[in-house]
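First the structure, in the form of structure tokens, and then the observations on it.
This chain uses plain numbering: 1 for the first residue, then up along the sequence. When a ligand or atom number is given, it counts from 1 through the structure's own listing order.
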Amino acid sequence: MTVSLLVQTVVLLTAVDLVQGAPQVVCVFGGSCLLPCSFQPKSNTVLHWVKKNGKDVNVHSYYEDQDQPKYQDPLYKGRTSLFPDQISGGNASLRLARVDLQDQGTYLCYARGDSPDKYITLTVRAPVGTVDIMLVNDTVTCKSGGIYPRPELTWSISPRPATALQNTTVVHEDDQGLYDISGSLRTVYTESVYSCSVQNEHGARTATMRQNPPQVDCVFGGSCLLPCSFQPKSNTVLHWVKKNGKDVNVHSYYYDQDQPKYQDPLYKGRTSLFPDQISGGNASLRLARVDLQDQGTYMCYARGNSPDKYVTLTVRAPVGTVDIMLVNDTVTCKSGGIYPRPELTWSISPHPATALQNTTEVHEDDQGLYDVSGSLRTVYTESVYSCSVQNEHGARTATMRQNRKYFNIYGNRQKCKSKV
Ligand SMILES: *[C@@H]1O[C@H](CO)[C@@H](O)[C@H](O)[C@H]1NC(C)=O
Ligand SMILES: *[C@@H]1O[C@H](CO)[C@@H](O)[C@H](O)[C@H]1NC(C)=O
Ligand SMILES: *[C@@H]1O[C@H](CO)[C@@H](O)[C@H](O)[C@H]1NC(C)=O
Ligand SMILES: *[C@@H]1O[C@H](CO)[C@@H](O)[C@H](O)[C@H]1NC(C)=O
Ligand SMILES: *[C@@H]1O[C@H](CO)[C@@H](O)[C@H](O)[C@H]1NC(C)=O
Ligand SMILES: *[C@@H]1O[C@H](CO)[C@@H](O)[C@H](O)[C@H]1NC(C)=O
């Protein structure tokens, strides 16, 4: 009986080949999927799910009131199920688990004595998952994987650069048929936001990152090098401009010489290029006597070159000498000419039982630098007082010992003196 049933089925199935307009089910890769089918219930139900794949592949069979896994193709082993309690009601829907790309195609749902045969097309998608973006040196890279159908990768940059940036995309198909995609993009040296979108017809995911221009940390009062290189061309034209809301001309060079005429007075006599290196594509600028007003973003423009290069200048004035001294019963501590704003902290050894009365004052001078001073009422014992002045760039500490014996003698001596 079994054999005759199968023979009948095969004859039936080969009669039909391509099926136009079959309803479509979209399944997620790795997930479970329902292939719907209903039929006119009759006694002695016989159901076959068959994949039409050039040759027919037995997906699931049911007769004599039970599943018949015997003839099931190994591809579907353990992945298919009907809804047994609903079969008598005419429901032959099939649940397919752990869907993979090989499952794509047209399926026939055959119920004996029912017509017409029902066809369903199964397509698989693997949605775009995490998109990773990162910056290494001057290149942004972007990655995603395990995607189907084939994805695309697009960049968007804000602010929009004047010219197209050098970029590459690589798509790789893994052994399951899913796609990995990666892209890289040469950045412009400016404050920009890079977004990378990976998408296919089922959706998109975007990852975003911000690039800040390279930063040059300059010491207040010293000299500083703002790096810039360009593709050398004849008739070199160079401009260094500070982007400060409005543009400020910092240094210009053309007709083979510096052009101080349009230079902003703020920079007068403080800037220089390296004339013997310009022909080699070096437009680096040396800035002397750096002060706090020099902080900000600078653009290096070379005619015929793109993109423009940017660099951010920050100034710091490190903590210099810290002075500590003891006057009567108070330790005072001082330092000055510091940027950014410093803090002052005390440490005392041995640690006193209670907090000591102390004050700290910070004062900003007319150059924008900070002076800091602190005072601390001492305890009359043999102690070591340390005062630390620090900001985010470093700390300096000054230490002094208060010696009880010495202090007493000194006190006595003072008393004697005052009596004299
Ligand atoms: C068959 O039964 C399943 C499980 O209850 C249900 O999800 C599905 O919609 C039913 N299909 C049809 C065609 O009745
Ligand atoms: C980044 O630049 C540094 C210095 O130029 C270089 O040593 C390093 O190999 C570069 N890293 C990559 C991933 O290109
Ligand atoms: C990527 O390169 C192509 C040419 O290779 C260019 O058309 C496109 O604009 C570039 N993309 C970006 C974001 O610059
Ligand atoms: C330009 O030349 C100066 C002076 O020799 C050097 O210090 C700097 O590294 C050079 N910069 C570039 C970008 O080549
Ligand atoms: C220290 O103490 C002496 C005597 O009490 C006093 O004359 C002097 O003004 C004090 N010095 C300070 C800086 O407070
Ligand atoms: C300084 O005074 C503050 C409170 O005004 C206190 O919390 C702190 O512990 C004191 N510092 C020392 C070293 O005693």
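More than 12 heavy-atom neighbours from other residues, nucleotides or ligands sit within 6.0 angstrom of CD on Gln86. Counting heavy atoms of neighbouring residues, nucleotides and ligands inside a 6.0 Å radius, atom CD of Gln24 exceeds 12 of them. Annotation for Gln293: atom CD does not count as buried by contact number, only 12 or fewer foreign heavy atoms lying within 6.0 Å. Around the CD atom of Gln357, the shell of radius 6.0 Å holds no more than 12 heavy atoms that belong to other residues, nucleotides or ligands.
Using a 4.0 Å cut-off between charged side-chain N and carboxylate O, Lys51 and Asp73 make no salt bridge.
Taking a cut-off of under 4.0 Å to the non-hydrogen atoms of Gln277, the atoms of ligand 4 that pass are 1 (C), 2 (O), 4 (C), 5 (O). Of all the atoms in ligand 6, the ones that sit under 4.0 Å from a non-hydrogen atom of Ile348 are 13 (C). Short contacts between ligand 6 and Trp346, defined as distances under 4.0 Å to a heavy atom of the residue, involve ligand atoms 13 (C). For ligand 4, the atoms sitting less than 4.0 Å from at least one non-hydrogen atom of Asn282 are 1 (C), 2 (O), 3 (C), 8 (C), 10 (C), 11 (N), 12 (C), 14 (O), numbered in the order shown with element in parentheses. Against a heavy-atom cut-off of under 4.0 Å, Ile157 is close to the following atoms of ligand 3: 13 (C).
For atom 3 (C) of ligand 6, a protein heavy-atom neighbour is found at a distance under 4.0 Å. For atom 13 (C) of ligand 3, the nearest protein heavy atom lies under 4.0 Å away.
Side-chain contact check for Ser197 and Thr206: at least one donor-acceptor pair (N or O, by modelled atom type) lies under 3.5 Å. Looking only at atom types and distance, the side chain of Asp217 has a donor-acceptor partner in the side chain of Thr314 under 3.5 Å away. The closest side-chain donor-acceptor pair between Ser195 and Thr208 falls under 3.5 angstrom.
Ligand 3 has no nitrogen or oxygen under 3.5 angstrom from a nitrogen or oxygen of Thr163. Taking any N or O of Leu165, backbone or side chain, at least one lies under 3.5 Å from an N or O belonging to ligand 3. Ligand 6 has a nitrogen or oxygen under 3.5 angstrom from a nitrogen or oxygen of Asn358.
Scanning the protein heavy atoms around atom 7 (O) of ligand 3, the nearest turns out to be Ala164 CB, 4.5 Å. Counting protein heavy atoms only, atom 9 (O) of ligand 4 is closest to Leu225 CD2, 4.3 Å. Scanning the protein heavy atoms around atom 11 (N) of ligand 3, the nearest turns out to be Asn167 ND2, 2.8 Å.
When each of Gln259, His239, Gln257 is checked for a side chain to side chain donor-acceptor pair (under 3.5 Å) with Ser252, only His239 meets the rule.
With a 4.0 Å cut-off on non-hydrogen atoms, Ser284 touches ligand 4 through its side chain and not its backbone.
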